[in-house]
Structure formats: structure tokens, C-alpha cells
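Data first, discussion second: the structure below is written as C-alpha cells.
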Amino acid sequence: MSKLSIPQGMRDFPAGMVRKREYIFSRIRKVFELYGFHPLETPAMENLETLMGKYGEEGDKLIFRVLNNGLNDPRNIEKSKQGFEKLLEGKNSPDVTERALKYDLTIPFARYVAMNHGQITFPHKRYQIQPVWRADRPQKGRYREFTQCDADVVGSRSMLNEIELTAIYHDVFFALGITQYNLSVNSRKILAALADLCGGKEKLIDITIAIDKLDKIGLEKVNVELFSRGLNEKQVTVINTFLSISGTNQERIQAVKNLFSKNELAEEGIAEIEYLIKNSKGINIQFDLTLARGLNYYTGIIFEAKAPESVKIGSIGGGGRYDDLTGLFGVPGIPGVGISFGVDRIYDVMEELNLFPEGLQKGTPVLFTNLGEEEVTYCMPLMHQLRKANIGCELYHEKAKLDKQFKYAHKSGTGYCIVIGSNELAGKLATVKDLTTGHQETMSSDTLISYLSTRIKNTNE
RNA sequence: GUGGGUGUAGCUCAGCUGGUUAGAGUAUCAGAUUGUGAUUCUGAGGGUCGAGGGUUCGAGCCCCUUCAUCCACCCCA
């Protein structure tokens, strides 16, 4: 048994996986760019203080904290000990840990915007493709290090942004072949109105956590949970009426309108949902009243993209509007809205549905066999020419028996083998074998390039 | 953080109610074949049975502890 390992929930990516991941990245990036977003990268770590308290109580527990350096320095030891005592009490101590791995891309983005709001032109549209870390327990579709692709717009209250972001979901998933995805929307405003109706704002989180589980545990158990969270009979009845709303988007909208007549907040939320759905023709959106989303900072429309139902992996993207995220960093008045794609789950979905194209798996297109010093000298200029013609090639690393070289070529996914031996040397020839068909022919070395370039397509974008 | 399953060769696994020297397939390497790769044949290497402790005349198997991993819950992408 090897003692070597990597941290729990983290992974190496061999060539084949990297290429498939790149395939996903490049398509998402392309759509983002087409919609007028520009790239941004933020560091792996943020100050712990920047992240704490932004993701709810559960979220805080899942933030990877980084131990300060020099804790054992004689000058710091007293501080370190006191700080550690504080940690044991469940408090924070900058004397022990003041940095953390980022938990998502949205909060660091908000921090960036707040930090640079003087220089930024609004509305500001940025996308980020970077890893994030969560100290969650790994399981299917859940990793401790995973990559998010976010697109955010800040400095605009226009619903046009929501409409564009909805279209981005559609374009990305179609570009990847995930046509059976589900996109749900809801409004935090409607949920807040519901909370108003049922015991006040402070119950909002309790209510959303409970109703979010409806399709998982059923209405009865949701009610049990609502009672245990301190709601009374009357309030639960209202929530049940809310949850019983079904039918088409139009029917749902109408039913919600009826339920919340004369509630200003609810009317606002409903109007936004209605507007979004009306303006997203041809895109499959589901108005889902049970969609809640755990992140506390959302204030308006919220999104969730789910994998096709045959793949039991759940959410593959999410997002929503946050009216005052930068306010948390002392710069109020900059509203924003954003969406996120979970690349690692999208990868798993595509793997399960067999959506990756064949061509991604290939090795080096061309391998020159190595049958001796003289042959090598003959191959070198040929390889140089191939590379100039944009055809990747390599020479077997040492003189060896041909079958060994072919075996290597086969296993590493080479497309063509060029055999150069004494015959070819004498006649200035090259023998080309197509490894997929087994077809082989000998030609003048001058025609080699044109022969290969008509046959080799560059499939890796 | 809570609950459950699984840890035996590089990989996939077998190993009976505890009983000599722990096996198979596959992969690797070498040869059969001195210019041709998914086939065939022969041979070789590779295991402190996850780790530590206990019960026993005797433990891969039983008990305890611990670690890793997978699955589910919480929460989430």
C-alpha cells in the first residue's frame, strides 16, 4: 500500500480529464465573451474576515482556514496560545488564522468591486473561472476543491441582466449537449412576503430551509419541520396553501398573485418573475416556489440549474440577484446579479450521458519510429517541417524493436506512425501507417506533409 | 458535524464455520519473432492482507481503536 496520497476530496487530473475539462471551460468562456463579459481572477485566499458571516452559519463551518506562519516564534507564543483558546471557544482569532481559501467566487468578486469601485466603470460585467474550496464531506458529485464559472453584473438594477443570464444558461448547456437540464427561478421577495405573512422576517430562513425539502421528504415531513422551527398551526396552513400551488408558470403566477393580494413586496417579486419568463421565450424556465437557495445574500430573482433527472447529481449551477453585497464591505448602493456553473458536476453529468466528443482523447498525432542514429538524423528535419505545418509529432525516445514502438504508439493514442528504416533512407521515402485503419503506404518524403495535413484535423480547441 | 458500507499484488477482485508456504484475472517486464500495434504461447518480478492493539496453540477472517475511501443526511456546485 502506498503511503502517498492527496488531501481528502481533492484530485489529480490526468491528460484525458484535463482535455475534457478544457472542453467545458472553453465553451463556457466563449458564451460569456459573446454576452459581453470580461475575465477577472482573484487570489486563492482571502482574508478570513472577508468571508466569515457571508454564507450563513453552516457556510462558516465549511470555510478552509489557513494557519498563520510563525506561530511558534518566541515573540508570538503567548498570543498564539491565547488565540488558540479563543478558537476552542468557537470564536475567531486573527492571531492564529487570518486567511482562508475562498469558498465561492461571488464574495471575492464583491470584495474586489468594493475595493476598486472608484476605478470601475458601471455596469461592470465580469466572469471568473477558478477553483474554490469547501471543507464539506466528499461524496458523489461533491468535492472539496472544485471549479466554478461565474458571470456577474454589478451596478445595474435592470431586469435585462436576469434575462441575459438566463439566456447564458441556455446557450452554455446547449453548447455542451446538456439539453435536458432544468432551470428553476423564484424570487426572494416572494419568499420574504411569505415569511411576513407567517410570523415575521426572522422566520424567513427557517421557512425556506424547510420548504426547500418538499420534493425530497414530502409535505408531511416539511410540516413537522416547520412546527419544530416554531411556527404555529395557522402559519403552517398558509405555507401549505403556498406549496400546493402548481400547474403551468402562468397558473402559478396567478395563484401567487391571489394569495398575496395587496402585499407590495410580493407583487414586486411576481412582476419580476412574470417579466423574466415573458422575455425568455424559447428557454425552458420553471417558476418553482420551493426554490430557496441557502446563500443569505440574495434579495431578488434566484436561479438554480439542475442536471437532467436521469443523472442523480442535483444542482449544476445557481445564482441570483443581490442588492447590496458590496455594502457588506462598506460600499453601499451597488446592486448586482450573477450566475454560476459547477464544472465538476457538469463534467460528471457529461461523462454519464456520454456527451464528450471522441476526438478529445487522442495522443500525439504522429510518431516517428527510431531505428538508429542515421534514421534519426533523417527524421529531424521532417519533424521540424511537420511542426511548422501545425502537426504535432514526436520521435520514439530510443532505438528499439519496432513492435515495441508500435505498442507505445497504440497505447498512447498516436494517430499515425512514420517508419523510417534503411529502405526509406536509401530512397528518401517515408512509410506512413494509419493506426486506426491499419492502412499503410510508402511515399516520397516530400509529399509526407501534404499527405498528413489533409488527414489530421485539429480536434483540440 | 451525524449515520452506514468497503479496505487483500499497479488495477478489478476471490479467499469456506479461524488451520501449513495468501490466489485468479488484468497490467508491467523479458523471450518466442533482428521492419509493424488491441490476438496467441512461455517465463519473471510484484503483497509487513490499510495501521496499531487484543482474544487464541494458531488471525486475511473474531473483538477494540485509528486512518483512508465510498454512499447517505445536513448543506451545496
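Each chain gets a letter, A, B and so on, in the order the sequences are listed, and its residues count up from 1.
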Between G60(B) and G53(B), how far apart are the two P atoms, rounded to whole Å? 14 Å
Run through RNA chain B and report every stem of 3 or more consecutive Watson-Crick or G-U pairs, distances under 3.5 Å, ordered by first number. B:1-7 with B:67-73, B:10-13 with B:23-26, B:28-32 with B:40-44, B:50-54 with B:62-66
Are the ring of F146(A) and the base ring of A77(B) both nearer than 5.5 Å at their centres and tilted by less than 30°? yes
Using whole Å, what does the distance between atom C1' of nucleotide C75(B) and atom CH2 of W133(A) come to? 20 Å
So F341(A) and F173(A), would you call those rings parallel, tilted or perpendicular, with 30° and 60° as cut-offs? perpendicular
Taking the inter-plane angle between the rings of F356(A) and Y347(A) on a 0 to 90° scale, is it parallel (under 30°), tilted (30 to 60°) or perpendicular (over 60°)? tilted
Please measure how far the P atom in G58(B) lies from the corresponding atom in U20(B), and state the result in whole Å. 15 Å
Contact list for residues 128-147 of chain A, test ring-ring contact (aromatic ring centres under 6.0 Å, His included), sequence neighbours left out: none
Pairwise P distance for G5(B) and U28(B), with rounding to whole Å: 37 Å
By nearest heavy atom, map P7(A) and E225(A) onto RNA chain B; which one lands nearer the 5' end? P7(A)
How many whole angstroms separate atom CG of L51(A) from atom C1' of C76(B)? 16 Å
Between P on C76(B) and CG on D60(A), what's the gap in Å once rounded to a whole number? 13 Å
Distance in angstrom units between D348(A) CG and A77(B) P, rounded: 16 Å
Which atom pairs, one a donor and one an acceptor, fall under 3.5 Å between side chains of residues 301-319 of chain A and the rest of the protein, sequence neighbours left out?
| unit_1 | atom_1 | unit_2 | atom_2 | d |
| --- | --- | --- | --- | --- |
| E304(A) | OE1 | R293(A) | NH1 | 2.9 |
| S315(A) | OG | G317(A) | O | 3.4 |

When the distance from CE of M10(A) to P of A68(B) is rounded to whole Å, what number comes out? 13 Å
Quick one: side-chain contact (heavy atoms from CB on, under 4.5 Å) partners of K213(A), sequence neighbours excluded? I209(A), I217(A), E225(A)
All N/O pairs under 3.5 Å across the protein-nucleotides 70-74 of chain B interface:
| unit_1 | atom_1 | unit_2 | atom_2 | d |
| --- | --- | --- | --- | --- |
| C71(B) | OP1 | K140(A) | N | 3.4 |
| C71(B) | OP2 | K140(A) | N | 2.7 |
| A72(B) | OP2 | Q139(A) | OE1 | 3.0 |
| C74(B) | N4 | R142(A) | NH1 | 2.2 |
| C74(B) | N4 | R142(A) | NH2 | 3.2 |

Using the P atom as the point on both nucleotides, what is the distance between C57(B) and G52(B), in whole Å? 23 Å
Give the table of side-chain donor-acceptor pairs shorter than 3.5 Å for residues 28-45 of chain A, with sequence neighbours excluded, one pair per line with atom names and distance.
| unit_1 | atom_1 | unit_2 | atom_2 | d |
| --- | --- | --- | --- | --- |
| E33(A) | OE2 | Y127(A) | OH | 2.7 |
| Y35(A) | OH | D171(A) | OD2 | 2.7 |
| T42(A) | OG1 | K102(A) | NZ | 2.8 |

Same-atom distance (C1') from A22(B) to A14(B), integer angstrom: 11 Å
Listed by chain and number, what are the ring pair (Phe, Tyr, Trp, His ring centres under 6.0 Å) partners of Y416(A), not counting sequence neighbours? none
Below 3.5 Å between N/O atoms, which protein atoms pair up with nucleotides 33-39 of chain B? Just atom names and distances, please.
| unit_1 | atom_1 | unit_2 | atom_2 | d |
| --- | --- | --- | --- | --- |
| G35(B) | O6 | S422(A) | N | 3.1 |
| G35(B) | O6 | N423(A) | N | 3.0 |
| G35(B) | O6 | N423(A) | ND2 | 3.3 |
| G35(B) | O6 | E424(A) | OE1 | 3.3 |
| G35(B) | N1 | E424(A) | OE1 | 2.9 |
| G35(B) | N1 | E424(A) | OE2 | 3.3 |
| G35(B) | N2 | E424(A) | OE2 | 3.0 |
| U36(B) | O2 | K433(A) | NZ | 3.3 |
| U36(B) | O2 | Q440(A) | OE1 | 3.3 |
| U36(B) | N3 | Q440(A) | OE1 | 2.9 |
| U36(B) | N3 | Q440(A) | NE2 | 3.2 |
| U36(B) | O4 | Q440(A) | NE2 | 2.7 |
| G37(B) | N7 | K433(A) | NZ | 3.2 |
| G37(B) | N1 | L435(A) | O | 2.6 |
| G37(B) | N2 | L435(A) | O | 2.4 |
| A38(B) | N3 | H410(A) | NE2 | 3.2 |

So, using side chain to side chain donor-acceptor pair (under 3.5 Å) as the criterion, who are the partners of T364(A) when residues are at least two apart? E394(A)
Residues in salt bridge (Lys or Arg N to Asp or Glu O under 4.0 Å) with R321(A), at least two apart? E162(A)
Over 12 non-hydrogen atoms of neighbours within 6.0 angstrom of CD in Q130(A): yes
What is the distance from CD of E304(A) to P of C75(B), rounded to the nearest Å? 13 Å
For S340(A), report the nucleic acid contact type (base, sugar-phosphate, nothing); a contact means any heavy atom under 4.0 Å. nothing
Using the P atom in both, what is the distance from C16(B) to C41(B), to the nearest Å? 30 Å
Atom P, compared across G3(B) and U65(B): separation rounded to whole Å: 13 Å
Can you tell me which residue pairs pass the salt bridge (charged side-chain N to carboxylate O under 4.0 Å, His left out) test with a partner in residues 429-446 of chain A, sequence neighbours excluded? none
Just to verify, what does N232(A) make a side-chain contact (heavy atoms from CB on, under 4.5 Å) with, not counting sequence neighbours? K234(A), Q235(A)
Suppose you measure atom C1' in G15(B) against the same atom in A59(B); what distance do you get, rounded to whole Å? 14 Å
